[in-house]
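For reference, the structure is listed below as structure tokens.
Numbering of residues begins at 1 and proceeds along the displayed sequence.
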Amino acid sequence: MTARPAEVIRTGLWTNNAGLVQLLGLCPLLAVSTSLVNGLGLGIATTLVLMASNITVSLIRDIVRPEIRIPVFVLVIASFVTAVELVMNAWFHELFRVLGIFIPLIVTNCAIIGRAEAFASRQPPMLAMLDGLAMGLGFTSVLVVLGAARELLGQGSLFSGAHMMFGEGSRWLELQLVDGGFLLALLPPGAFFGLGLMVAAKNLIDAGRARRLRQVRVEPVGAAGEPA
């Protein structure tokens, strides 16, 4: 069954967000999100790999035997991760050094192989690309929000290291809002606390929305057809 584009976008960005709902790719998410720029860099790299691997898997889905589909999918993903790694090393070398091992580890991100198996291998190329874009942007948004919160609480700054991604001319973006910060926010426990709060906030929003929908659908009606 072909999925609807609007539903694909909503699923990737919110309903089945890789970071908040699936809780996949948590190792790089928690390790790299010490600043907004780090999170944005890893998020963009992951999104590019997701889109490219989804398109490729969709294009070859009818010529790959089911018995060997997973090794083939992993090979496809590893090829695109290598390409992204080389590009970052060549043009964003300083950011590449900061992100370090977590760039090649995109290969092991369960969200990518999961989308290849669950969606791209069953859908046409355009929808597969849209799914990769939506899932990647959903994952990136979590990285950026968590990175910004940790950087602000831990260092009192925002956009620290922006020049690594946007060039020397972007140093004006680097804001020092508060002197010092709360060290725990930059440590691994701070990452878990931050992600936990984000998951709780999403669940509260979803619960509130579901409650309002139930109230609308079960609106009591009086004998004269007017609300009781």
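- Under a hydrophobic-cluster definition in which Ile, Leu, Val, Met, Phe, Trp and Tyr are linked whenever side-chain heavy atoms come within less than 4.5 Å, directly or via other members, Val84 and Ile77 are assigned to the same cluster.
- For the pair Thr56/Phe73, no side-chain contact is recorded, criterion being any heavy-atom separation below 4.5 Å from C-beta on.
- Between Ile60 and Ile63, the closest side-chain pair of non-hydrogen atoms falls below 4.5 Å.
- Using modelled atom types, no side-chain atom of Ser33 and backbone atom of Gly147 make a donor-acceptor pair closer than 3.5 Å.
- Using a distance-only test at 3.5 Å, with no hydrogens or angles considered, a donor-acceptor pair links the side chain of Asn17 to the main chain of Gly138.
- Transitive grouping of hydrophobic side chains (ILVMFWY, heavy atoms separated by less than 4.5 Å) brings Ile44 and Leu36 into a common cluster.
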When the side chains of residues 102-111 are checked against the rest of the protein, which donor-acceptor pairs come out under 3.5 Å, sequence neighbours left out?
unit_1, atom_1, unit_2, atom_2, d
Thr108, OG1, Leu105, O, 2.7
Asn109, OD1, Ala111, N, 2.9

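- Arg122 is not listed as a side-chain neighbour of Arg61, based on a closest heavy-atom distance of 4.5 Å or more.
- Here the side chains of Leu195 and Leu20 are in contact, with some heavy-atom distance below 4.5 Å.
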Met135 and Phe119: side chain to side chain contact (heavy atoms under 4.5 Å, CB included), yes or no, with the steps? CA-CA 11 Å; Met135 280 288 169; Phe119 191 91; over 6 Å; no

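- Counting only distance, with no hydrogens or angles, the side chain of Ser121 and the backbone of Ala116 share a donor-acceptor pair below 3.5 Å.
- Atom CG in Leu13 sits 6.0 Å away from atom CG in Leu137 (nearest 0.5 Å).
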Arg10 and Glu7: salt bridge (charged side-chain N to carboxylate O under 4.0 Å, His left out), yes or no, with the steps? CA-CA 5 Å; Arg10 185 165 50 250; Glu7 183 63 26; 2.6 Å; yes

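- The closest side-chain heavy-atom distance from Val21 to Lys202 is below 4.5 Å.
- At least one side-chain heavy atom of Ser157 sits under 4.5 Å from a side-chain heavy atom of Glu151.
- The structure places CE of Met129 at 11.0 Å from OG of Ser58, a figure rounded to the nearest 0.5 Å.
- Considering only heavy atoms from C-beta on, Met88 comes within 4.5 Å of Leu99 through its side chain.
- Judged purely by atom type and a 3.5 angstrom limit, Trp172 uses its side chain to pair as donor or acceptor with the backbone of Gly169.
- Between the CD atom in Gln155 and the OG atom in Ser35 there is a gap of 7.0 Å [rounded to 0.5 Å].
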